[in-house]
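Only heavy atoms go into these numbers, but all of them, side chains included; no hydrogens, no water, no symmetry mates.
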Amino acid sequence: MNLSETLIARAREIAPMAGEAAQETDRNRKLSDTVIDAACDAGLMQIMVPKKWGGHELSYSTMAGVVYEF
């Protein structure tokens, strides 16, 4: 499995957590800290960050795959 596939799979694993926090997200008008922390821990925030700045420097299609899972 390549990195893009791994990150999309991680997003798939986090998605139910985001669903469970949906009411809290709507009520507070912001994503839950738990969901944000999980996405950060999974490396999802670095998908399009250039490698020279510590990111993954992956494609838009990888980002779209992650967004689709959420």
In terms of heavy-atom contacts, does CZ of F70 have more than 12 from other residues, nucleotides or ligands at under 6.0 Å? yes

Examine distances only and state if a side-chain atom of N28 and a backbone atom of K30 form a donor-acceptor pair shorter than 3.5 Å. no

What's the separation between atom [atom1] in [X] and atom [atom2] in [Y], rounded to the nearest 0.5 Å?
{"X": "E57", "Y": "T62", "atom1": "CD", "atom2": "OG1", "result": "12.0 Å"}
{"X": "L58", "Y": "N2", "atom1": "CG", "atom2": "CG", "result": "8.5 Å"}
{"X": "E20", "Y": "S32", "atom1": "CD", "atom2": "OG", "result": "10.0 Å"}
{"X": "S61", "Y": "I8", "atom1": "OG", "atom2": "CD1", "result": "7.0 Å"}
{"X": "H56", "Y": "L3", "atom1": "NE2", "atom2": "CG", "result": "5.5 Å"}

Identify the heavy atoms of [X] and [Y] that sit nearest to each other, and give their distance.
{"X": "L7", "Y": "V66", "answer": "O-CG2, 4.1 Å"}
{"X": "M45", "Y": "C40", "answer": "CG-SG, 3.6 Å"}
{"X": "V35", "Y": "A21", "answer": "CG2-CB, 4.2 Å"}

Is the shortest side-chain heavy-atom distance between M48 and Y60 below 4.5 Å? yes

Evaluate the side-chain proximity of I14 to L44: yes if any heavy-atom separation is below 4.5 Å, no if none is. yes

Can you pull the salt bridge (Lys or Arg N to Asp or Glu O under 4.0 Å) pairs that have at least one residue in residues 2-14, sequence neighbours excluded? R12-E69

Any salt bridge (Lys or Arg N to Asp or Glu O under 4.0 Å) pairs touching residues 36-50, not counting sequence neighbours? none

